[in-house]
Structure formats: structure tokens, C-alpha cells
Number of protein chains: 2
Amino acid sequence: MHNKNVVPFITEKSDCGSDHPVCEACEVRACGMCSELNSDTLRELRKITRMKEYKAGDQIFCDEEPTENYATIKNGIVKLSKILPDGRQQTIGLGFPPDFIGRAFKDKNASFASALTDVTVCTFPRDLFNDYLKSTPSLEHKLFELTLNELDSAREWMLMLGRMTALEKVAALLLNFSERLHNAKLLQGLQSELNKFELLLTRAEISDFLGLTIETVSRQFSILKQKGLINVQNQRFIEILDRPSLDTLAGHENY
Amino acid sequence: MHNKNVVPFITEKSDCGSDHPVCEACEVRACGMCSELNSDTLRELRKITRMKEYKAGDQIFCDEEPTENYATIKNGIVKLSKILPDGRQQTIGLGFPPDFIGRAFKDKNASFASALTDVTVCTFPRDLFNDYLKSTPSLEHKLFELTLNELDSAREWMLMLGRMTALEKVAALLLNFSERLHNAKLLQGLQSELNKFELLLTRAEISDFLGLTIETVSRQFSILKQKGLINVQNQRFIEILDRPSLDTLAGHENY
DNA sequence: ATCTTAAATTGACATAGATCAATGATATCG
DNA sequence: CGATATCATTGATCTATGTCAATTTAAGAT
């Protein structure tokens, strides 16, 4: 199992009990799926929720088995991936707090979810939740918005996968990851510098995301370092030295 | 403008008037966004809808300008694409009836939509529709389901873009396209054979979808022909001769 | 400290797919 | 019916990225 040594980037624990979590104190209360619920509705929903923790590398759900539970990410990063019959793998998304994981209205996931860092999620049984969703438009609305964001980013990555060079892909990943990590940390009330962060993915995980090999990813890091766009310490700690140039590489229009 | 000569694959006209369409007779009444609406609600919605027709090649909306209208595809195929500052292009999805086009709750599209064939859509003003959506949970629910399907297929294509060979990509496209076209035709009550269809995309459009060049796509067609998996007439009319083998190439597990 | 292990880097070489260029089909128009 | 234009195919290279192998770095255990 990889990543054993990763320190979860969010270290504070919520004070939720494990059976009847105090949702009011939840890390993602303000922005997650539950943010649109009033306290009555929340009290109802709370009855079916349960906290779960995963260690970095753990599988959260897989392709083949029907989903028992959906979940909201409270803490840590979740990797979503797909796999071809012969084993070729492609990461199709990263989930940060307060993302939802699972496929609403279906009992089969067409993908795998695994914990990239240590992860805490708030789970709820599939059937109950689907019923609940149908009778609670505000909840469904919020989940719809989260889904639209995921669709936007999936399409963004399609452009990246189909048309960018290896160097551009790495630049795009660094920018995207730094922003999402930064936001997740701020959300938790933690200190964070946008341009200085721990890259929580291994080269293998990066290459699965970018549709490249480990070696090619490594070479692009060397090029970015040599060009003075980034600085890397201990192969994990990234400092972005020239964000505008990275933006240009990543195809972000700069006005 | 390309594709001038394309005959729209759905030739019957709906009998909807152009200002107050008779939704009950709509091609996609049974399966589209409106399928969940009762006739009262439908009568309301109808007040803000308007039919629009586009010729093959026409732009429906673009990246830069805010969306004025959303739409449901009644007829024809819509291409969604993204473009890098230097002009590199990636198709991120194909819309068939009864797909929704536009980005709910936002006034900016992060993509271009253009008509791949002649297209008829049912449009509605953005602001009115967003309001309507918020007050009509059944409508929002249906749109949510359509969006989930799009997310599923975007992720499917991410695996394709990131990890498949050129030959596999072409196989996957042919299978996917034949199915969706078949369904769209059946939906319209037209005759259709799953394994015999007109490929409505040019090689350029295919290559934009698959993240390849025209020449590479062409070569893969030749290989598939030579292997006896497909037959091509006049460079447009495809017959799938060996679907199981194509399925294997496309990474579809066969049990 | 030294040993062990996993991950990252770097180099040498191979190859899938891109690029450039020529030829061949198909459809349109006079 | 031939002329023209567009699109598709095929061939000859080139190149970015993959593959294979050796080395280096970092981290943890003893």
C-alpha cells in the first residue's frame, strides 16, 4: 500500500460522535451538500448518517459491487478512477471536501474510489438517501450543483487529456491541485499559501491522472524546475515560482 | 462551412407551431426534460419556449458570450467542444435528442456548441428557466438525471482519451455512435439497423473527438476494414461486421 | 549510523502517432 | 459531361512519449 507516510493535510478532528454526529460542527456544514438544509431537515438526515475513516491507499468503493453507501468528503482527498480490462488505469477525478462520492439514483458505480490521503467521510445508505433526495428538493438542488461542477471539471480534463503536451499537462495539474488544496485548507480554517504546498500524489498517481507514464511526468518536473517555474523539495513539496508562466502553459487565457 | 450536404437523419417535422409549440406532439416529449411535467406545468413552460433551427455547421453558442438561452435537442446532433488559446480543439461531447444544452445556473458556457447535422431545438430564456427550475422540483430532477448521464459519459471518454490506442479509440467511437444514433432514430419512430448507419462526422470531427489527427483516424479505418471488422461505403456509410471484436477493442468486458 | 525499501530521476533506445506531401474519391456546379 | 472543390487515403519521414534499465534520493527500521 502506498502513501503510508502521508500526513493528512487536515489534522483537526471534528467533534462528531460516530453514530449521531453533531452536524452543526461538521467541517463541511457550510459548503457541502447539507448547506441548504435547515436544522429540522438536518436532524432527520442525521439519523441515517455514519462517519467512516479510511487510511491512505484504502479502497472506498469499486466498480463491480453495488454501492451500499454514498458519502460526503469531510476530510482528505479521494481518487476516482477507471480501469480497462487489461489493467490500464485512468484517474477521472479527485474529490476534495465537500465533494459527494457515489452515483445518485444508480446502484452501480462505473468507477473505483480510493483514499489518496487519510480520509474521513460522512456516509448514508443508498436507498434511504435516494428516497430522501426525492422528497427534499433543496438537497437535490445542492447535489445537482455539485454534479454540474464535476461535469465542468471532467470536460476541462478532457481537453487536457486529448490536446495538451506532457509539459502542459503537468503545469495544468500543479495549478489545479494547488488551488483546490488551498481552498480545502482555508475551508478548514488552516493556514495555507497558494504557491507552496505538499504534492500529495506520487508520480504514479500523477501519471494515471494525466494519461502519461511515471518517467515522462518526472522529466516534465525536471524541465519546469530547470526553467525556474517551480521549486521542488524532497520530491514532495512544491513551490510555484512563476504562476503566470504556468498559466500560459496550461492554456489559461491571461487578460 | 462543412457538412452542407448532410441530410438530417431525422426527417419528419414536428407539428409544433414556432411560438406556441404543441408540446404533446413533441419528438422528445416522452423522454426529454419535459417528460416529468404534468400538462398544467407543461402549459406554463410552453409560454417561454421557442423553436429554433440550425443548419449543419452553424454555431449554436460560444465560449465568450453569456448564454441567452438553454435548449432541448429535438432533432439532429450537436457537437460540444473546447478550444485552447492557440486553436487546438477537443470535442467534449455529442448531444442527441433529447439532451439538454447549456449550463444550468450559470450565464457562461465553458464550451462551444455547434450543429453537426441540421438541428432543431426547443429553446427557453436562461433567467426564466432558472427560476422555473427552482420552483419545479420534478423538472430539476429530470435535468439532474440527464446531467448525471453526461457526467458518466464524460468520464468514459476520459478513460478513452487518456489510455486507449488510436485503433481502440476508433472502435469505441463507432460502437458508441451507432448505439446513440440507433436510439435517436427509434425514438423518432424511424427504421434503424444498429450495425448499419451513416457516419455523420467527417474525419476531422472524429479526430477532434478522439484527440488524434485526421490521418491517424483514416489509417485506423483502413485497419478495421482490412481486419474485416467493418465495411465502409462512400467513406460515410458504415457497416459493423464483427461487433464482438470491436467491443473487445473498445475495452467492453464481455461475459 | 547503516541497511532496506519504495519512489524518483536519468539515460538509451523503440515506437505510436504526428507532420508533410502526394494521390485518389466523391459531390457540386456550370 | 467535364471542371472544381472538398474530403479521405496513403506514403515517407519526424518527434514526443513510452519502454527498459541503471542510478539516486528519501524515509524508516534496526
Side-chain angles (χ1 to χ4, degrees), chain A residues 1-7 56-57 84 86-90 116 160-171 173-174 198-226 230-238 249, chain B residues 1-7 55-57 84 86-90 116 160-171 173-174 198-227 230-238 249:
Chain A
M1 207 115 295
H2 45 199
N3 269 346
K4 270 209 185 93
N5 54 339
V6 170
V7 177
L84 249 10
D86 67 355
R88 280 173 288 174
Q89 202 179 337
Q90 176 67 47
L116 200 70
M160 183 277 292
L161 288 170
R163 292 299 184 200
M164 284 187 178
T165 65
L167 190 65
E168 293 168 339
K169 285 177 175 182
V170 171
L173 176 84
L174 288 174
E198 182 179 359
L199 187 61
L200 298 162
L201 302 101
T202 64
R203 297 293 181 268
E205 286 160 343
I206 294 172
S207 60
D208 276 341
F209 202 178
L210 304 183
L212 300 169
T213 58
I214 297 175
E215 295 91 331
T216 300
V217 170
S218 184
R219 281 182 243 271
Q220 311 316 312
F221 271 95
S222 301
I223 294 171
L224 291 175
K225 271 189 284 188
Q226 187 208 305
I230 64 170
N231 200 353
V232 182
Q233 292 215 342
N234 288 9
Q235 302 166 334
R236 304 188 61 77
F237 295 91
I238 307 288
L249 269 177
Chain B
M1 206 118 302
H2 45 200
N3 270 347
K4 270 205 186 101
N5 54 338
V6 171
V7 177
K55 287 277 158 213
L84 249 11
D86 68 355
R88 279 173 289 174
Q89 201 178 339
Q90 176 66 48
L116 200 69
M160 183 277 293
L161 287 170
R163 291 301 184 197
M164 284 187 177
T165 65
L167 190 65
E168 293 167 339
K169 285 177 175 182
V170 171
L173 176 83
L174 288 174
E198 181 178 359
L199 187 62
L200 298 162
L201 303 99
T202 63
R203 297 292 180 270
E205 285 160 343
I206 295 173
S207 62
D208 276 342
F209 202 177
L210 303 183
L212 299 169
T213 57
I214 298 176
E215 295 91 331
T216 300
V217 170
S218 183
R219 280 183 243 273
Q220 310 316 311
F221 271 95
S222 300
I223 294 171
L224 291 175
K225 271 188 284 188
Q226 186 207 305
K227 286 191 173 189
I230 64 170
N231 200 354
V232 182
Q233 291 213 343
N234 287 9
Q235 302 166 334
R236 305 187 60 78
F237 295 91
I238 307 288
L249 268 177

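Here is how names work: the chains are called A, B, and so on, in the same order as the sequence lines, proteins then strands, and each is numbered from 1. Just so we're clear, the structure is a prediction, and the values are computed from it rather than from any experiment.
Residue A/Ile238 contributes atom CD1, which lies 11 Å from atom P of C/dA8 at whole-angstrom precision. Rounded to an integer number of Å, the gap from B/Leu199 CG to C/dA25 C1' is 16 Å. Rounded to whole Å, the distance from CG on B/Leu200 to P on D/dC7 is 15 Å. A/Arg219 places its CZ atom 11 Å from the P atom of C/dA12, with the value rounded to the nearest Å. The CG atom of B/Leu224 sits 13 Å away from the P atom of D/dT10 (whole-angstrom rounding). D/dT17 atom C1' lies 12 Å from atom CZ of B/Arg163, rounded to whole Å. The separation between B/Gln226 atom CD and D/dT10 atom P is 10 Å, rounded to whole Å. Look at CZ on B/Phe221: it is 17 Å from C1' on C/dG17, rounded to the nearest Å.
Atom CD of A/Gln220 and atom OG1 of A/Thr165 lie 7.0 Å apart (nearest 0.5 Å). Here the CG-OG1 distance, from B/Asp208 to B/Thr213, works out to 10.5 Å after rounding to the nearest 0.5 Å.
Closest approach to the B/Glu215 side chain among C/dA18, C/dT9, D/dT10 is made by D/dT10 (side chain taken as heavy atoms from C-beta onward). Considering only the side chain of A/Gln235, C/dA8 comes nearest among C/dA21, C/dG17, C/dA8.
Side chain of B/Lys169 to main chain of B/Leu210: a donor-acceptor pair is present (N/O by atom type, distance under 3.5 Å, no hydrogens or angles).
Positionally, the nearest nucleotide of DNA chain D for B/Ala204 lies more toward the 5' end than for the other of A/Gly211 and B/Ala204. Annotation: of the two residues near DNA chain D, A/Gln233 and B/Val232, the 5′-most nearest-nucleotide partner is B/Val232. The nearest heavy atom of DNA chain C to A/Ser218 and to B/Met164 marks one nucleotide each, and the one closer to the 5' end goes with A/Ser218.
Contact detail for A/Phe221 and A/Arg203: the closest heavy-atom pair is CD1-NE, 3.9 Å. Closest approach of A/Val232 and A/Gln235 over heavy atoms only: CG1-CA, 3.6 Å.
For A/Arg203 against D/dT25, no side-chain N or O and base N or O form a donor-acceptor pair under 3.5 Å.
At the phosphate of D/dG18, OP1 or OP2 sits under 4.0 Å from a side-chain N or O atom of A/Thr216. For C/dA27, the OP1/OP2 oxygens have a side-chain nitrogen or oxygen of B/Asn234 closer than 4.0 Å.
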